[in-house]
*Asks:* 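So that we are looking at the same thing, I have put the structure below in C-alpha coordinates.
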Amino acid sequence: MSGTLITVAPTGAESRKADVPALPVTLDELVATAKECEALGAAIVHVHIRDDAAEPTLDPGRLRATVAALRQSTGLIVQLSTGGAVTDPEAARLAVLDAQPEMASCTMGTVNFGDAVFQNRWDFIVDLHTRMQERGVVAEYEIFDLGQLTTLRRLLDRYGLPHGGHVHVDLVMGVPGGMPGTTAALVACEQAIRDLPAGTTFSATGIGRSTIPVMLASLSAGGHLRVGMEDTLTYAKGRPVESNMQLVARAVGFAQLALRPPLTAAQARELLGMPAR
Ligand code: KMH
Ligand code: ZN
(Lines give C-alpha, C1' and ligand atoms only; values in the text may rest on other atoms or scores of the structure.)
(Ligands and ions follow the chains in the order given, each with its own letter.)
Protein backbone atom coordinates (compact mmCIF):
# COMPACT_ATOMS: atom_id res chain seq x y z
CA MET A 1 0.00 0.00 0.00
CA SER A 2 1.53 3.31 -1.05
CA GLY A 3 -0.46 5.75 1.08
CA THR A 4 0.60 7.31 4.34
CA LEU A 5 -0.79 6.35 7.72
CA ILE A 6 -1.06 9.52 9.80
CA THR A 7 -1.36 9.31 13.56
CA VAL A 8 -2.23 12.33 15.63
CA ALA A 9 -0.96 12.46 19.22
CA PRO A 10 -2.91 15.49 20.42
CA THR A 11 -2.20 15.80 24.15
CA GLY A 12 0.59 13.72 25.73
CA ALA A 13 1.39 13.78 29.42
CA GLU A 14 4.20 16.29 29.54
CA SER A 15 2.81 19.74 28.71
CA ARG A 16 0.69 21.79 31.10
CA LYS A 17 -2.54 23.40 29.94
CA ALA A 18 -1.46 26.60 31.71
CA ASP A 19 1.63 26.75 29.50
CA VAL A 20 -0.06 25.52 26.30
CA PRO A 21 -3.65 26.80 26.18
CA ALA A 22 -4.34 25.14 22.81
CA LEU A 23 -3.68 21.65 24.26
CA PRO A 24 -6.89 19.53 24.19
CA VAL A 25 -7.41 18.31 27.76
CA THR A 26 -11.16 17.88 28.26
CA LEU A 27 -13.16 15.09 26.63
CA ASP A 28 -15.01 17.64 24.51
CA GLU A 29 -11.76 19.22 23.34
CA LEU A 30 -10.29 15.82 22.56
CA VAL A 31 -13.32 14.65 20.57
CA ALA A 32 -13.53 17.91 18.62
CA THR A 33 -9.81 17.70 17.82
CA ALA A 34 -10.09 14.06 16.78
CA LYS A 35 -13.01 14.79 14.43
CA GLU A 36 -11.19 17.66 12.76
CA CYS A 37 -7.96 15.71 12.43
CA GLU A 38 -9.84 12.78 10.89
CA ALA A 39 -11.43 15.12 8.34
CA LEU A 40 -7.95 16.38 7.43
CA GLY A 41 -6.44 12.90 6.97
CA ALA A 42 -5.47 11.36 10.31
CA ALA A 43 -6.32 7.67 10.76
CA ILE A 44 -5.15 6.93 14.32
CA VAL A 45 -5.51 8.99 17.48
CA HIS A 46 -2.91 8.26 20.19
CA VAL A 47 -4.64 9.15 23.43
CA HIS A 48 -3.44 10.44 26.79
CA ILE A 49 -6.16 11.87 29.02
CA ARG A 50 -6.32 14.49 31.76
CA ASP A 51 -8.35 14.94 34.95
CA ASP A 52 -10.51 17.91 35.96
CA ALA A 53 -7.38 19.83 36.90
CA ALA A 54 -5.91 19.06 33.44
CA GLU A 55 -3.28 16.80 35.02
CA PRO A 56 -2.40 13.47 33.35
CA THR A 57 -4.48 10.56 34.63
CA LEU A 58 -5.03 6.86 33.90
CA ASP A 59 -8.40 6.83 35.65
CA PRO A 60 -10.19 3.69 34.35
CA GLY A 61 -13.64 5.28 34.16
CA ARG A 62 -12.38 8.26 32.22
CA LEU A 63 -10.44 6.00 29.86
CA ARG A 64 -13.56 3.93 29.14
CA ALA A 65 -15.64 7.07 28.56
CA THR A 66 -12.95 8.43 26.24
CA VAL A 67 -12.81 5.27 24.14
CA ALA A 68 -16.62 5.25 23.87
CA ALA A 69 -16.85 8.94 22.91
CA LEU A 70 -14.13 8.70 20.27
CA ARG A 71 -15.69 5.57 18.78
CA GLN A 72 -19.09 7.22 18.66
CA SER A 73 -17.92 10.49 17.10
CA THR A 74 -15.14 9.33 14.76
CA GLY A 75 -14.05 6.40 12.63
CA LEU A 76 -10.48 6.77 13.88
CA ILE A 77 -8.47 3.89 15.28
CA VAL A 78 -8.35 4.70 18.98
CA GLN A 79 -4.94 3.92 20.42
CA LEU A 80 -4.65 4.36 24.18
CA SER A 81 -1.24 5.14 25.63
CA THR A 82 0.01 2.59 28.14
CA GLY A 83 3.07 4.79 28.59
CA GLY A 84 1.12 7.36 30.54
CA ALA A 85 3.32 9.80 32.43
CA VAL A 86 6.78 8.89 33.76
CA THR A 87 5.28 8.86 37.27
CA ASP A 88 2.56 6.31 36.52
CA PRO A 89 2.93 2.92 38.25
CA GLU A 90 3.07 -0.28 36.22
CA ALA A 91 -0.26 -1.60 37.56
CA ALA A 92 -2.13 1.49 36.37
CA ARG A 93 -0.43 1.26 32.99
CA LEU A 94 -1.47 -2.39 32.60
CA ALA A 95 -5.02 -1.50 33.67
CA VAL A 96 -5.33 0.84 30.67
CA LEU A 97 -6.22 -2.31 28.69
CA ASP A 98 -9.40 -2.69 30.77
CA ALA A 99 -10.86 0.18 28.72
CA GLN A 100 -10.79 -2.24 25.75
CA PRO A 101 -9.23 0.03 23.13
CA GLU A 102 -8.82 -1.24 19.60
CA MET A 103 -5.10 -0.47 19.84
CA ALA A 104 -2.58 0.49 22.53
CA SER A 105 1.04 1.55 22.70
CA CYS A 106 3.71 -0.76 24.13
CA THR A 107 7.19 0.67 24.74
CA MET A 108 10.22 -1.57 24.16
CA GLY A 109 12.58 -0.39 26.89
CA THR A 110 13.63 2.05 29.56
CA VAL A 111 14.88 5.40 28.35
CA ASN A 112 16.13 8.61 29.93
CA PHE A 113 13.38 11.15 29.35
CA GLY A 114 14.76 14.64 29.87
CA ASP A 115 15.55 14.78 33.58
CA ALA A 116 13.27 11.81 34.28
CA VAL A 117 13.34 8.10 33.43
CA PHE A 118 10.62 6.36 31.42
CA GLN A 119 10.72 2.87 32.95
CA ASN A 120 9.90 -0.21 30.91
CA ARG A 121 11.40 -3.34 32.50
CA TRP A 122 11.58 -6.52 30.42
CA ASP A 123 9.08 -8.35 32.65
CA PHE A 124 6.67 -5.44 32.39
CA ILE A 125 7.00 -5.40 28.60
CA VAL A 126 6.23 -9.13 28.50
CA ASP A 127 3.18 -8.63 30.74
CA LEU A 128 1.86 -5.83 28.55
CA HIS A 129 2.47 -7.68 25.29
CA THR A 130 0.86 -10.93 26.47
CA ARG A 131 -2.15 -9.19 28.03
CA MET A 132 -2.70 -7.32 24.77
CA GLN A 133 -2.61 -10.64 22.91
CA GLU A 134 -5.11 -12.18 25.35
CA ARG A 135 -7.50 -9.23 25.17
CA GLY A 136 -7.39 -8.73 21.42
CA VAL A 137 -5.78 -5.29 21.59
CA VAL A 138 -3.57 -4.48 18.59
CA ALA A 139 -0.10 -3.24 19.60
CA GLU A 140 1.92 -0.32 18.37
CA TYR A 141 5.49 -0.82 19.59
CA GLU A 142 7.10 2.46 20.68
CA ILE A 143 10.81 2.65 19.94
CA PHE A 144 12.90 5.38 21.58
CA ASP A 145 16.33 3.96 20.74
CA LEU A 146 17.85 1.57 18.20
CA GLY A 147 18.41 -1.31 20.64
CA GLN A 148 14.72 -1.36 21.47
CA LEU A 149 14.12 -2.89 18.04
CA THR A 150 16.31 -5.81 19.13
CA THR A 151 14.20 -6.06 22.28
CA LEU A 152 11.10 -6.20 20.08
CA ARG A 153 12.59 -9.00 18.03
CA ARG A 154 13.38 -10.96 21.20
CA LEU A 155 9.84 -10.34 22.47
CA LEU A 156 8.23 -11.58 19.26
CA ASP A 157 10.57 -14.59 19.06
CA ARG A 158 9.73 -15.67 22.61
CA TYR A 159 6.09 -14.64 22.98
CA GLY A 160 4.71 -14.52 19.46
CA LEU A 161 3.12 -11.97 17.20
CA PRO A 162 0.74 -9.28 18.44
CA HIS A 163 -3.02 -9.70 18.14
CA GLY A 164 -3.94 -9.59 14.45
CA GLY A 165 -0.50 -10.85 13.40
CA HIS A 166 0.79 -7.59 11.91
CA VAL A 167 3.77 -5.80 13.47
CA HIS A 168 3.71 -1.99 13.50
CA VAL A 169 6.32 0.15 15.24
CA ASP A 170 6.48 3.86 15.96
CA LEU A 171 9.91 5.50 16.11
CA VAL A 172 9.82 8.26 18.72
CA MET A 173 12.91 10.26 17.85
CA GLY A 174 14.59 13.25 19.45
CA VAL A 175 13.61 12.63 23.08
CA PRO A 176 16.44 13.98 25.25
CA GLY A 177 17.93 10.63 26.33
CA GLY A 178 16.84 8.62 23.30
CA MET A 179 17.96 8.40 19.68
CA PRO A 180 18.30 11.66 17.75
CA GLY A 181 15.71 12.79 15.24
CA THR A 182 17.95 12.48 12.22
CA THR A 183 17.83 10.81 8.83
CA ALA A 184 20.85 8.69 9.82
CA ALA A 185 19.09 7.36 12.93
CA LEU A 186 15.89 6.69 11.00
CA VAL A 187 17.80 4.75 8.32
CA ALA A 188 19.54 2.70 11.03
CA CYS A 189 16.10 1.83 12.45
CA GLU A 190 14.72 1.03 9.02
CA GLN A 191 17.59 -1.44 8.51
CA ALA A 192 16.89 -3.08 11.88
CA ILE A 193 13.17 -3.30 11.05
CA ARG A 194 14.15 -5.55 8.14
CA ASP A 195 15.04 -8.20 10.75
CA LEU A 196 11.47 -8.12 12.08
CA PRO A 197 8.69 -10.24 10.54
CA ALA A 198 8.05 -9.61 6.83
CA GLY A 199 5.53 -6.86 6.29
CA THR A 200 6.38 -4.93 9.44
CA THR A 201 5.40 -1.27 9.03
CA PHE A 202 6.72 1.78 10.83
CA SER A 203 5.77 5.34 11.53
CA ALA A 204 8.03 8.02 12.95
CA THR A 205 7.75 11.21 14.93
CA GLY A 206 10.43 13.75 15.74
CA ILE A 207 10.15 15.62 19.03
CA GLY A 208 10.45 19.40 18.89
CA ARG A 209 12.53 20.76 16.07
CA SER A 210 13.28 17.30 14.68
CA THR A 211 9.66 16.98 13.54
CA ILE A 212 10.29 18.11 9.94
CA PRO A 213 13.54 16.18 9.28
CA VAL A 214 11.93 13.04 10.68
CA MET A 215 8.77 13.49 8.58
CA LEU A 216 10.77 13.89 5.40
CA ALA A 217 13.09 11.00 6.22
CA SER A 218 10.19 8.69 7.09
CA LEU A 219 8.27 9.48 3.91
CA SER A 220 11.35 8.88 1.76
CA ALA A 221 12.12 5.60 3.54
CA GLY A 222 8.60 4.24 3.04
CA GLY A 223 7.49 4.98 6.59
CA HIS A 224 4.38 6.59 8.03
CA LEU A 225 3.90 9.70 10.16
CA ARG A 226 2.91 10.66 13.68
CA VAL A 227 2.42 14.33 14.51
CA GLY A 228 0.70 16.29 17.26
CA MET A 229 1.07 18.49 20.28
CA GLU A 230 2.32 15.58 22.40
CA ASP A 231 5.53 15.88 20.39
CA THR A 232 5.70 19.36 18.88
CA LEU A 233 4.73 22.75 20.31
CA THR A 234 6.57 25.08 17.92
CA TYR A 235 5.40 25.22 14.31
CA ALA A 236 8.35 27.27 13.06
CA LYS A 237 10.91 29.53 14.69
CA GLY A 238 9.01 31.94 16.95
CA ARG A 239 5.59 30.48 16.04
CA PRO A 240 3.85 28.34 18.65
CA VAL A 241 1.64 25.55 17.31
CA GLU A 242 -1.93 26.85 17.11
CA SER A 243 -3.66 23.47 17.04
CA ASN A 244 -3.20 19.79 16.30
CA MET A 245 -5.04 20.40 13.05
CA GLN A 246 -2.23 22.69 11.91
CA LEU A 247 0.28 19.86 12.42
CA VAL A 248 -1.90 17.24 10.74
CA ALA A 249 -2.52 19.57 7.77
CA ARG A 250 1.23 20.02 7.33
CA ALA A 251 1.82 16.26 7.48
CA VAL A 252 -0.96 15.68 4.92
CA GLY A 253 0.69 18.26 2.63
CA PHE A 254 4.06 16.52 2.90
CA ALA A 255 2.47 13.11 2.26
CA GLN A 256 0.70 14.44 -0.82
CA LEU A 257 3.95 15.99 -2.11
CA ALA A 258 5.56 12.57 -1.71
CA LEU A 259 2.70 11.09 -3.78
CA ARG A 260 1.73 9.02 -0.77
CA PRO A 261 -1.64 10.53 0.19
CA PRO A 262 -3.13 9.90 3.64
CA LEU A 263 -4.86 6.59 4.30
CA THR A 264 -8.39 6.71 5.64
CA ALA A 265 -9.02 4.93 8.91
CA ALA A 266 -10.59 2.05 6.96
CA GLN A 267 -7.48 1.74 4.75
CA ALA A 268 -5.28 1.98 7.85
CA ARG A 269 -7.18 -0.92 9.45
CA GLU A 270 -6.51 -2.95 6.32
CA LEU A 271 -2.79 -2.03 6.39
CA LEU A 272 -2.51 -3.00 10.05
CA GLY A 273 -4.45 -6.24 9.64
CA MET A 274 -7.33 -5.03 11.79
CA PRO A 275 -10.96 -5.95 11.11
CA ALA A 276 -13.18 -3.31 9.51
CA ARG A 277 -15.50 -1.46 11.86
N1 KMH B 1 4.58 10.09 28.13
C2 KMH B 1 5.74 9.28 27.98
C3 KMH B 1 6.40 9.07 29.30
C4 KMH B 1 3.33 6.16 25.10
O5 KMH B 1 2.40 6.95 25.01
O6 KMH B 1 3.20 4.96 25.02
C7 KMH B 1 5.42 7.97 27.37
C8 KMH B 1 4.71 7.97 26.10
C9 KMH B 1 4.72 6.70 25.34
O10 KMH B 1 4.11 8.94 25.67
ZN1 ZN C 1 2.22 8.98 24.19
*Asks:* Can Asp52 and Arg62 be counted as an ion pair, charged N to O under 4.0 angstrom?
*Replies:*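 Counted as a salt bridge, because a side-chain N and a carboxylate O are separated by less than 4.0 Å.
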*Asks:* Is Ile77 close to Val45 at the side-chain level, that is, under 4.5 Å between some pair of heavy atoms?
*Replies:*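 No. Closest side-chain heavy atoms not under 4.5 Å.
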*Asks:* State whether the number of non-hydrogen atoms from other residues, nucleotides or ligands found under 6.0 Å of Asp157 atom CG is greater than 12.
*Replies:*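 Correct, the count exceeds 12.
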*Asks:* Drop me the distance from Thr66's OG1 to Leu80's CG, to the nearest 0.5 angstrom.
*Replies:*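 Result: 7.5 Å between the selected atoms.
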*Asks:* If we only count heavy atoms from C-beta on, is the Met108 to Phe144 side-chain gap below 4.5 Å?
*Replies:*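 Heavy-atom side-chain distance check fails, nothing below 4.5 Å.
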*Asks:* What are the two closest non-hydrogen atoms of Pro213 and Ser210, and how far apart are they?
*Replies:*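 In terms of heavy atoms, the two residues are closest at CD-O, 3.4 Å.
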*Asks:* Going by the angle between their ring planes, with limits at 30° and 60°, are His168 and His166 parallel, tilted or perpendicular?
*Replies:*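 It falls in the parallel class, under 30°.
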*Asks:* One pair to check against side chain to side chain contact (heavy atoms under 4.5 Å, CB included): Arg153 and Leu156. What are the steps and the verdict?
*Replies:* CA-CA 5 Å; Arg153 190 170 159 192; Leu156 300 176; over 6 Å; no
*Asks:* For Thr205 and Asp231, does a side-chain donor sit closer than 3.5 Å to a side-chain acceptor?
*Replies:*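 On atom types as modelled, these side chains qualify, holding a pair under 3.5 Å.
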*Asks:* For a 4.5 angstrom cut-off between non-hydrogen side-chain atoms, does Val187 reach Thr183?
*Replies:*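 Val187 reaches Thr183 side chain to side chain.
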*Asks:* Identify whether the distance between the nearest side-chain nitrogen and carboxylate oxygen of Asp88 and Arg93 falls below 4.0 Å.
*Replies:*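 Looking at Asp88 and Arg93, the cut-off is not met.
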*Asks:* Whether the side chain of Ser81 engages the backbone of Gly83 through a donor-acceptor N/O pair (distance < 3.5 Å, no angle test) should be reported.
*Replies:*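 Looks like yes, one N/O pair under 3.5 Å.
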*Asks:* In terms of relative ring orientation, are Tyr159 and His129 parallel, tilted or perpendicular, with 30° and 60° separating the classes?
*Replies:*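 Rings of Tyr159 and His129: perpendicular, over 60°.
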*Asks:* Look only at the side chain of Asn244 and the backbone of Pro10, and say whether a donor-acceptor pair between them is shorter than 3.5 Å.
*Replies:*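 A pair under 3.5 Å: yes.
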*Asks:* To the closest 0.5 Å, what do you measure between NE2 (His46) and NE2 (His48)?
*Replies:*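 One gets 3.0 Å once the value is rounded to the nearest 0.5 Å.
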*Asks:* Taking all heavy atoms of Ala204 and all of Leu186, pick out the closest pair and write down the distance.
*Replies:*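 Nearest heavy atoms, Ala204 then Leu186: CB-CD1, 3.8 Å.
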*Asks:* If you apply the rule side chain to side chain contact (heavy atoms under 4.5 Å, CB included), what do you find for Leu171 with Glu190, and how did you get there?
*Replies:* CA-CA 10 Å; Leu171 309 174; Glu190 196 268 336; over 6 Å; no
*Asks:* Using a 3.5 Å distance criterion without hydrogens, assess whether the side chain of Gln246 forms a donor-acceptor pair with backbone atoms of Glu242.
*Replies:*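 The answer is yes, because a donor-acceptor pair under 3.5 Å joins these two groups.
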*Asks:* Salt bridge between Arg135 and Asp98, side-chain N to carboxylate O under 4.0 Å?
*Replies:*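 Result for this pair is yes, salt bridge flagged.
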*Asks:* With a 4.0 Å cut-off, would you call Glu102 and Arg277 a salt bridge?
*Replies:*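 Arg277 and Glu102: not salt-bridged.
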*Asks:* If the threshold is 4.0 Å, N to carboxylate O, is there a salt bridge linking Glu29 and Lys17?
*Replies:*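 Yes, this pair counts.
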*Asks:* Given 3.5 Å as the limit, does a donor-acceptor pair link the side chain of Arg260 with the main chain of Gly223, or not?
*Replies:*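 Judged by distance alone, yes, a pair lies under 3.5 Å.
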*Asks:* For residues Ser203 and Asp170, report the shortest heavy-atom separation together with the two atoms involved.
*Replies:*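 Closest approach of Ser203 to Asp170: OG-OD1, 2.9 Å.
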*Asks:* For Val47 and Gln79: C-alpha separation, side-chain torsions, deciding distance, then whether side chain to side chain contact (heavy atoms under 4.5 Å, CB included) applies.
*Replies:* CA-CA 6 Å; Val47 178; Gln79 179 192 100; over 6 Å; no
*Asks:* Tell me the closest heavy-atom pair linking Phe202 and Ser218, and the distance in Å.
*Replies:*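 For Phe202 versus Ser218, the nearest heavy atoms are CE1-OG, 3.7 Å.
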*Asks:* Given Met229 and Leu247, is the side chain to side chain contact (heavy atoms under 4.5 Å, CB included) satisfied, shown in steps?
*Replies:* CA-CA 8 Å; Met229 294 179 75; Leu247 295 171; 4.2 Å; yes
*Asks:* Would you say Leu272 and Leu5 make side-chain contact, with heavy atoms under 4.5 Å?
*Replies:*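 They are in contact (side-chain heavy atoms under 4.5 Å apart), so the answer is yes.
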